Amino acid sequence: MISLLALAINYALICVVIAMLFCTVRLLIGPAAHDRVLALDTLWMCGMLLALILGMRFGSQIYFEAALLIALLGFVSTIAFAKFLMRGEIIE
Amino acid sequence: MELVMALAIGILFGSGIWLILRPRSFQVLTGLLLMSYAVNLFIFMMGRLWIDRPPLTLGAHLPDPATVADPLPQALVLTAIVIGFATTALYLVIMIGSRGLTGTDHVDGREPDQ
Amino acid sequence: MPTLLLILILLPFVGSAVAACMPANARNREAILASVVTLSGLLVAALLYSKVGNGEVVHYRATWLPAYGVDFALRMDGLAWVFVMLVLVIGLLVMLYARYYMSPKDPVPRFFSFLLAFMGAMLGVVLSGNLIQLVVFWELTSLTSFLLIGYWHHRIDARRGARMAFTVTATGGLCLLFGVLILGHIVGSYDLDAVLAAGDLVRAHPWYLAALIFIALGALTKSAQFPFHFWLPHAMAAPTPVSAYLHSATMVKAGVFLLIRLWPTLSGSQEWVWIIAGAGICTMLLGSFAAIFQHDMKGLLAYSTISHLGLITLLLGLGTPLAMVAAVFHTFNHAIFKASLFMAAGIIDHECGTRDMRILRGLYRQMPFTGTLAIVASAAMAGVPLLNGFLSKEMFFAETALVGGTEDWSMSVVAVMMGIFSVAYSLRFISVFFGKPTQVLPKMPHEPPRWMRFPVEILVLLCLVVGIAPGPSVEPTLKLAVASVLGEHTPAFSLQIWHGFNVPLLKSVIALLGGITFYVLLRKYFALATRDKTPLLNRFNGAQAYETTILRLGVAASWLVKWLGTQRLQPQMLLLMVALVGIPLLLVQPLPKFAKPVIAGSDALFALMWLIGCACAVTAAWQAKYHRLAALMLVGGTGIVTSLTFLWLSAPDLALTQLMVETVTTVLILLGLRWLPPRLTPRELNIQVSHRVWLRRSRDILVAVVGGLGMAALSYAVLTRPAPQGIGDFFLLRTLSEGGGSNAVNVLLVDFRGFDTMGEITVLAIVALTVYALLRRFRPAPESMAIPAQRANDVDPVARQAPAQQANNGYLLVSGVYLRFLLPFMIVVATYFFLRGHNLPGGGFVAGLIFAVAIIVQYMLAGTVWVESRFGLRAHLWIAYGLVIACLTGLGAFLFGYPFLTSHTARLHLPLLGEIHVPSAFFFDLGVFVAVVGTTMLILLALAHQSVRSHRLPQGMPTAAQTASAPETI
Amino acid sequence: MKRGLPSPLLSGVLLALWLLLNQSLSPAHLLLGAVLAIVAPLLARPLMQPIGYPRLAKPVMLIRLLGMALVEIVHSAITVSRLILFPKPDGMNSQFIKIPLDLRNPYGLALLSCLINSTPGTVWVEILPDRHELVLHVFDLHDEQWWVATIKTRYEKPIIDIFHEEIHEENPP
Amino acid sequence: MNEMETIPLWAAALLVPLLILGGSIILIGALGLMRLPDFYQRIHGPAITVTLGAGCLLIASMLYFTVLQSRLVLHELLIAVFVLMTAPVVSMLIMRAAVYRDLRAGKRDSGVASGDVYRFPEQE
Amino acid sequence: MNLAWDQHLIVVPVLLPLLCGALLIALNERRHHLKFFINLGSAICLLAVAARLMWMADSGHWPQGIGVYLAANWAAPFGIALVADRLAALMLLLTAVLATAALLYSMQRWSRIGVHFHSLFQFLLMGINGAFLTHDLFNLFVFFEVMLAASYGLLLHGYNVTRIRAGMQYIAINLAASLLFLIGVALIYASTGTLNMADLAARLSAINTDGLALLKVGVAVLAIAFLAKSAMWPLGFWLPATYAAASPPVAAMLVLMTKVGVYVILRVWLLIFSGEAGAAAGFGFDALLWGGMATIVYGAAGMLASEAPGRLAGFGAIVSSGILLSVIGYGQPSLVTAGLYYLLGSTLALGAFMLLLELIERIRSPGAAVLALTMEVFTIEEAPDEPVGESIPGALAFLGLSFAGCALIIAGLPPLSGFVAKFGLFHALLNPGVAGSTPTPATWALMALILLSGLAATIALLRFGVRTFWAAGKISPPHLPFIEAAPISLLLLLCVVLTVQAGPVLAYLERTTEDLHRPQRYIDKVLSEPVISGPLGKKEVQ
Ligand code: NA
Ligand code: NA
């Protein structure tokens with residue numbers, strides 16, 4: 001069961017990395033700018049989850065802060081992009 | 001692992017080189033960004049690769065330094081990241097200042113005569 | 001006694017400084033000053049004669065460059081004394097003459113100042129006790145002569161003449177320096193005494209020829225010897241007193257002096273004869289021949305000077321002691337008659353307003369006295385008996401005959417030819433006094449003022465005295481001079497007018513008669529008076545060659561600079577990158593070896609992650625030109641992967657910082673992106689990309705690939721070697737016990753290497769200030785001034801909402817609730833990251849960035865104006881206080897006698913709360929936090945303000961007043 | 001009290017945040033957390049002004065609403081996952097729909113948007129400015145009226161109650 | 001992975017499904033983002049990632065560390081709260097940006113005209 | 001045990017400008033005079049401190065003449081050590097002198113045309129001083145960045161089109177070079193495990209072949225960065241445009257900054273690759289020598305080709321860099337002595353020249369200069385005027401004299417320090433002081449190049465001077481405020497002092513060179529410097 005747990009953690013890890021790969025594909029092919037923004041935002045989210053899973057995998061709390069930071073502030077660049085697309089300027 | 005990191009650094013650096021050889025200032029800016037990723041990773045690698053061995057001494061007794069990542073390159077990279085951010089900001093502002101004054105975004109501040 | 005030497009040399013320079021400070025029209029005072037200085041010099045020289053006259057050598061020495069064995073040394077022996085007298089006596093006469101020659105409108109302070117400085121320099125050359133110092137004064141004479149020739153610098157001929165003279169003589173000076181260095185190397189000392197004593201050593205040394213050639217180059221350029229003679233005629237643009245002084249009596253004699261001075265060391269070899277005598281012969285013939293065909297009186301005198309200098313050089317080149325005597329003797333004679341002739345020419349010029357011999361005629365009637373003086377001096381120049389020129393020329397003829405012996409007459413033929421020519425040009429010179437007076441002169445000539453003629457009278461008198469009574473008048477002096485050069489080899493000689501009928505006398509007669517005939521023939525059949533060019537020699541125009549050379553030099557240099565360099569950025573970057581790859585490959589032998597790659601379990605995931613990072617990077621590189629936004633996002637993708645790598649590879653601090661920097665950088669670039677021009681792809685523009693562009697791109701790709709591979713190889717080489725036993729362990733072992741924190745990285749930043757951090761926040765501060773200063777003058781391109789397309793249409797119903805309206809009740813209302821509600825959370829989280837930094841990942845940087853981002857979000861939401869009306873963050877003060885806090889924390893250690901930044905942890909026992917550790921590094925980190933907040937805000941807001949500013953001004957640029965009144969608060 | 005502690009609710013949440021972050025209940029952290037919980041809202045107040053701090057009239061109802069939403073989220077997530085993995089052969093009926101809203105309280109709207117956006121399959125687009133209609137995008141639309149009804153009754157109404165909308169709004173939308 | 005040895009069986013039995021479900025959902029969300037045909041559909045993909053996917057993992061993490069450290073570890077809740085407070089803004093803003101960009105650009109095949117909410121401006 | 005108060009002086013050249021700079025940010029721009037006087041006061045204090053440090057280094061105050069300051073009280077190589085020896089103190093003094101002059105000059109005009117000039121200036125000083133003092137490679141990077149960042153700001157101060165074009169190039173290249181700097185430092189750390197220069201030198205013997213190769217690559221990459229900054233051909237093309245574009249006081253400081261690159265190369269190379277370095281000895285010296293010579297050629301050609309004064313001065317600086325680099329590469333102690341003397345004189349003169357150029361620009365009418373050029377090229381004869389000179393107003397005379405002074409030094413003509421330097425170089429080249437050593441082709445090539453570059457400088461400066469002062473037609477007397485003339489006079493006066501007092505100066509430099517060529521003493525001193533123990537002194541060395 002324990003090795004099953006390890007396997008599950010690894011599975012989740014692999015899933016997240018592959019998910020990131022999918023996001024990257026969207027980021028690369030676009031086609032619209034908002035597609036890319038969406039992909040980038042999702043990439044950030046996946047990064048957060050990756051940090052979380054790494055924490056479990058290594059049984060360490062060190063990785064938590066990175067996840068927390070992404071959760072709280074990862075969206076800032078996304079809304080900056082979104083605002084740029086919508087208004088042509090991010091601080092008016 | 002070593003191979004992956006080495007290749008990654010190489011590819012980032014190579015992309016950066018390509019970009020800083022380009023004529024448009026935004027390309028150069030992007031190139032400098034990519035190159036600084038590569039260089040930061042490179043400095044970081046100088047302490048070798050350690051997985052889950054952050055240089056923290058949280059426990060009651062000191063860790064064996066031989067089993068923990070070298071903190072020095074990390075401190076250096078931290079400084080390098082911050083300075084890199086500063087220089088990016090500077091280059092960006094000069095880029096737009098130059099574009100405003102010279103009317104072009106060519107790195108030489110003038111369109112090449114062709 | 002030695003101090004007298006110092007006085008002698010300092011006097012003119014002091015006088016020069018004083019003269020420069022006088023008012024512009026103080027002709028009399030200037031002349032008096034100059035004369036007093038010169039007379040004082042003469043007095044000093046007279047005092048020194050008491051020693052020097054006995055054959056003693058007077059020395060003055062002061063340390064200057066002991067490391068190189070060079071002292072400031074003055075040395076006066078007989079030769080030097082005689083030259084000093086020459087410089088001073090002629091100098092005195094020239095000063096007097098100049099008083100009358102210079103127009104009342106001429107600003108004379110400069111003139112007399114330069115003249116006195118020149119005199120000092122000339123005395124320096126003559127009195128130098130070591131070779132290096134001699135070179136110094138040598139170049140000084142060039143410099144002062146340049147200033148004097150260019151005195152009337154509004155005239156193009158003066159400027160050209162001055163430049164030419166300076167370039168040639170200064171170049172000669174460089175050669176001389178080189179030669180002297182070699183000589184010094186051979187002898188092992190630059191001291192003149194040592195050098196003069198080392199003649200045999202020098203001549204035997206393999207470097208002798210080099211020394212000789214370079215010293216000769218120095219001497220020949222200075223003395224206007226072929227092929228460097230061309231500068232002298234052009235130097236005639238100088239005021240006549242200058243010509244009389246520099247270009248007849250003194251400066252051009254410096255070269256001759258040098259040859260005399262170094263005669264004991266350098267002469268006596270075949271090379272010496274070939275080089276020196278060869279140059280002398282050519283110059284002598286060339287100069288005298290060309291002199292005949294000049295129309296400018298001063299030009300004629302200049303060529304005649306060239307020729308006489310050639311004669312002296314030839315004598316020196318012959319290398320016999322007696323020739324040496326003749327050379328020294330002729331040096332004086334020439335100085336005397338040539339100076340007087342120049343002055344006479346100056347008088348004619350002054351009175352008639354021209355020196356053109358094609359116009360001047362019959363002047364004898366208007367100025368008989370001057371005419372007589374000039375005719376006598378010319379006769380001396382031509383070598384007419386009873387005048388000084390005759391005596392030395394006679395000696396010259398004798399020496400030439402001696403050298404050739406009975407078989408070889410060539411030397412004698414040359415000498416006689418020179419004699420013929422000099423008679424001819426002397427006749428040409430005095431021809432201005434004869435014939436029918438012309439009416440077309442610019443001015444009506446009269447006799448000059450009494451005292452203007454006086455110097456000429458003195459000099460002509462000297463010609464006569466020496467010519468008639470050489471024995472009593474000049475022989476002791478000559479012996480003194482020659483003895484100090486030749487020492488025990490001084491030949492016995494006596495100066496007499498009459499040596500009986502002999503070969504030299506025959507030559508003199510032939511020369512005289514031949515000269516007259518030649519002149520008459522030329523006048524009759526060769527239209528001497530109107531010919532434009534010197535026959536035979538007009539092909540060689542040294543001046544033109546010089547100008548062409550200088551011009552070609554400039555062109556070649558431009559070409560070279562263009563070929564060797566570039567002003568464009570791209571090639572420079574290319575070179576930098578090529579150097580990065582090439583130099584290690586070229587220099588480092590052997591290159592590090594590589595280990596076989598080992599693939600481990602987790603590598604696949606890692607590789608997958610970096611597949612993402614690399615794909616983003618490469619695509620960003622590809623897209624950055626036409627799709628900036630996409631490129632920016634792609635770079636962001638690489639950034640995320642980089643952060644995660646840091647996290648994965650045990651660097652949580654780096655991961656946190658990188659994440660925040662990512663965010664801030666994105667915002668930053670987005671703020672700037674608006675001001676860049678739209679860029680259409682070639683396809684959109686219907687442009688064919690040329691082959692050259694593709695070639696260039698292929699080259700750049702090659703460089704990029706090679707550079708990337710190089711970096712990869714380096715990384716791999718490092719990663720596969722075991723780490724050396726470095727200093728890293730030290731930090732881990734002490735971070736808790738002595739650094740007071742368990743996060744070694746943070747303790748490194750605030751304690752072990754706090755000094756770095758100090759510099760780092762300074763960099764941030766500098767950049768912020770720079771950005772702020774730059775943007776205050778920011779002038780957007782006209783096409784980016786307009787309101788962005790997104791807001792200038794009716795598709796979006798809220799397009800025209802004002803920023804504050806959007807957030808407070810517009811389309812951003814709902815988003816605004818989130819963004820505003822998050823602010824206190826972000827503040828708490830920033831505090832959290834700040835406080836835990838010392839022990840766990842976090843710290844002032846990250847916290848500062850979080851705090852800044854929290855505020856930036858508010859700006860994005862509600863716009864600059866609204867936010868700043870409620871929340872004034874004086875960013876530049878934050879920067880200042882941040883730096884000061886950090887710095888003062890570090891300085892606190894001074895109070896306890898510790899070095900800067902020494903940290904200390906205070907352990908406080910508080911009721912209820914228990915023991916609290918307050919490390920001083922905490923305050924340092926606080927400074928970092930404050931500075932980072934200030935910096936980030938200042939940079940971002942300075943950028944953000946541009947939109948507000950430029951929208952306020954839809955037409956035209958921001959005016960200076962508006963720029964200056966931009967609020968200080970941001 | 002209001003001057004020094006504009007929103008006790010928010011301060012409480014911030015204190016909880018602090019303690020959770022530090023995973024500690026030590027007196028030092030309680031004190032520090034309390035200070036921060038007071039200072040941070042004060043610092044933020046000038047910028048919060050247009051919307052003010054939220055006041056909950058019926059916190060219990062909020063919790064019930066959240067519980068309901070949680071179930072809905074899980075349910076929708078599974079639906080959407082299925083649709084992604086096994087796309088319908090004739091394609092999805094993705095559409096924009098309009099829902100007229102009575103809710104005016106900004107916090108209420110925010111809560112609504114949070115619930116809608118957190119529920120996979122629906123995305124809040126905007127509130128059309130003139131008619132106060134909410135535009136949603138629905139991943140796979142079956143029945144527009146069902147959506148309007150659901151949102152209005154299951155979400156909007158409880159939210160209006162939770163925030164106890166008053167007639168005299170400080171900041172009318 | 002020494003720490004994992006100390007996890008009791010019951011916890012592992014809870015953790016494994018959570019992790020597998022979370023991982024799978026994340027993957028499916030990203031797959032949606034990559035594969036769905038138009039933007040307005042694609043935006044629904046990440047929604048499951050940040051809600052159910054992240055939720056499962058956060059619960060797993062909380063459980064894991066609570067068991068591992070034998071004390072209540074709840075700070076993952078903060079992540080959940082923050083995600084809930086930020087993800088909606090992101091989708092709102094991107095969505096709105098996309099709608100009006102498509103409208104302005106006149107992209108008729110973008111899906112923005114589905115339903116009768118948005119219409120393209122009259123071409124002139 | 002407390003640290004002696006005057007030991008703190010070592011760190012003052014970094015801290016004082018930092019604090020002043022920070023305070024100046026907070027002061028309102030409107031209080032211009034106060035800002036100026038704070039700035040000047042700081043510069044003058046730095047002058048005093050540098051002089052004092054020089055005295056301490058030279059008078060036996062410190063054993064071996066080396067003062068070590070362990071920042072944060074951590075022993076080398078773990079903490080960051082600052083080292084003040086004769087060379088560092090000299091460079092500090094030079095910096096302070098040039099800074100004082102540039103600052104005085106800036107009072108009239110340049111410090112007011114943009115904001116935060118004074119802070120940036122102080123930070124620039126901090127960076128330069130830090131670079132001279134620090135003994136840690138990464139800290140050197142940080143101070144380089146401080147210096148460069150401040151120079152970017154100052155270069156663009158009050159910018160216009162030319163300045164921003166030059167600035168873009170300067171900044172882009174320096175950013176790229178900074179990346180190389182980091183790569184170099186990283187490689188050095190990877191191969192030796194240390195960043196402290198002394199420790200690095202000490203560890204060389206224990207390093208294996210592979211590590212040595214990595215180290216060499218690292219140092220080579222590092223050198224490229226420094227060489228780009230010190231404008232070695234072909235990495236220095238940015239320099240002329242940058243110098244020409246910068247405002248005069250900034251240009252004067254830029255002159256010093258090329259010398260920082262040279263300084264670092266001198267320091268690092270002599271420490272790491274000197275004769276005592278075993279297998280690594282002599283690495284790269286040839287490259288420096290030949291690269292330096294190529295630089296001389298390029299610079300000399302550039303001087304000949306330049307019409308614009310700013311570019312002329314820029315190429316002058318390139319020549320100067322080239323000479324210094326080849327001097328280092330030649331690898332002979334006595335030559336280094338002469339090279340240092342040359343460095344002093346040429347820096348002061350080029351600095352003065354930069355300040356002077358603007359004053360000259362004010363009197364130059366480009367039209368007249370072009371006309372004069374045409375007339376000279378086509379030898380158009382003017383109608384000879386009445387030979388009456390034009391009187392030269394005092395201000396113009398001052399400019400002319402100062403120009404002549406600068407030109408003489410730059411061209412290496414007598415009687416000023418330029419000649420002494422040139423003579424010293426030649427003397428050292430011809431008399432290596434080692435028995436049996438004969439001049440190599442490199443000796444002759446270097447001598448010839450120095451000679452020819454002097455000639456080129458003479459021709460170019462002569463041409464420029466004649467066209468400016470003589471051929472420009474009627475020149476209206478320039479407005480010459482004392483505050484702008486004084487710094488130029490000060491710098492030139494120092495050159496005169498340097499010439500007259502060449503003996504003592506050279507003796508000092510000889511001692512400096514001796515220090516540099518005995519790295520072991522240096523290494524021992526730095527690595528054995530004790531930390532301060534005591535009540536706060538938790539750090540006992542074990
Ligand atoms: Na380690
Ligand atoms: Na949703």
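All chains are named by letter (A, B, ...) in the order of the sequence lines, taking the proteins before the strands, and each is independently numbered beginning at 1. For clarity, every value in this text was computed on a predicted model and none was experimentally measured. The analysis underlying the following values was restricted to heavy atoms, covering all of them including side chains, and did not include hydrogens, waters or symmetry mates.
Neither the backbone nor the side chain of Tyr818(C) comes within contact range of chain A; no heavy atoms are under 4.5 Å apart. The part of Val829(C) that comes within reach of chain A is its side chain, from C-beta onward, which places non-hydrogen atoms under 4.5 angstrom from that chain. Of the atoms belonging to Leu940(C), not a single heavy atom falls under 4.5 Å from chain A. Heavy atoms of Leu85(A) lying under 4.5 Å from chain C belong to its backbone as well as its side chain. Using a 4.5 Å cut-off between heavy atoms, Met660(C) touches chain A through its side chain atoms alone.
Residues Leu73(A) and Leu849(C) are not in side-chain contact: their nearest non-hydrogen atoms beyond the backbone lie 4.5 Å or more apart. Side-chain contact between Gln61(A) and Leu840(C): absent, with no pair of heavy atoms (C-beta onward) separated by less than 4.5 Å. Ile91(A) places none of its side-chain heavy atoms less than 4.5 Å from the side chain of Ser947(C). Contact of the Ile70(A) side chain with the Ile640(C) side chain is not registered, since no non-hydrogen atoms from C-beta on lie closer than 4.5 Å.
Residue Ile90(A) is tested with Leu670(C), Ile856(C), Leu673(C) for a side chain to side chain contact (heavy atoms under 4.5 Å, CB included); the sole match is Leu670(C).
Residues of residues 19-28 of chain A having a heavy atom under 4.5 Å from any heavy atom of chain C, listed by number: Met20(A), Leu21(A), Thr24(A), Leu27(A), Leu28(A). Contacts with chain A (heavy atom to heavy atom, under 4.5 Å) involve these residues of residues 631-638 of chain C, listed by number: Leu632(C), Met633(C), Leu634(C), Gly636(C), Gly637(C).
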Test side-chain contact (heavy atoms from CB on, under 4.5 Å) on Trp44(A) and Leu659(C) and set out the steps.
CA-CA 10 Å; Trp44(A) 275 91; Leu659(C) 283 172; 3.4 Å; yes

Taking it one step at a time, do Leu72(A) and Leu822(C) satisfy side-chain contact (heavy atoms from CB on, under 4.5 Å)?
CA-CA 9 Å; Leu72(A) 182 62; Leu822(C) 276 168; 3.9 Å; yes

CA sep, side-chain torsions, deciding dist, call: Leu69(A), Val846(C), side-chain contact (heavy atoms from CB on, under 4.5 Å)
CA-CA 10 Å; Leu69(A) 209 58; Val846(C) 177; 4.2 Å; yes

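For chain C, the option among Tyr63(A), Phe75(A), Phe81(A), Phe84(A) with the highest count of heavy-atom pairs below 4.5 Å is Phe81(A).
Residues forming a salt bridge (Lys or Arg N to Asp or Glu O under 4.0 Å) with Arg87(A) (at least two apart in sequence, or on another chain): Glu92(A).
In this structure, SG in Cys616(C) is found 6.5 Å from CG in Leu43(A), a value given to the nearest 0.5 Å. Rounding to the nearest 0.5 Å gives a distance of 11.5 Å between NE2 of His34(A) and CG of Leu629(C).
In terms of heavy-atom proximity, Met860(C) sits nearest to Lys83(A) at O-NZ, 2.7 Å. Residues Leu644(C) and Gly47(A) come closest through the heavy atom pair CD2-O, 3.6 Å.
Identified under the salt bridge (Lys or Arg N to Asp or Glu O under 4.0 Å) test for residues 28-52 of chain A, with sequence neighbours left out: Asp35(A)-Arg42(E).
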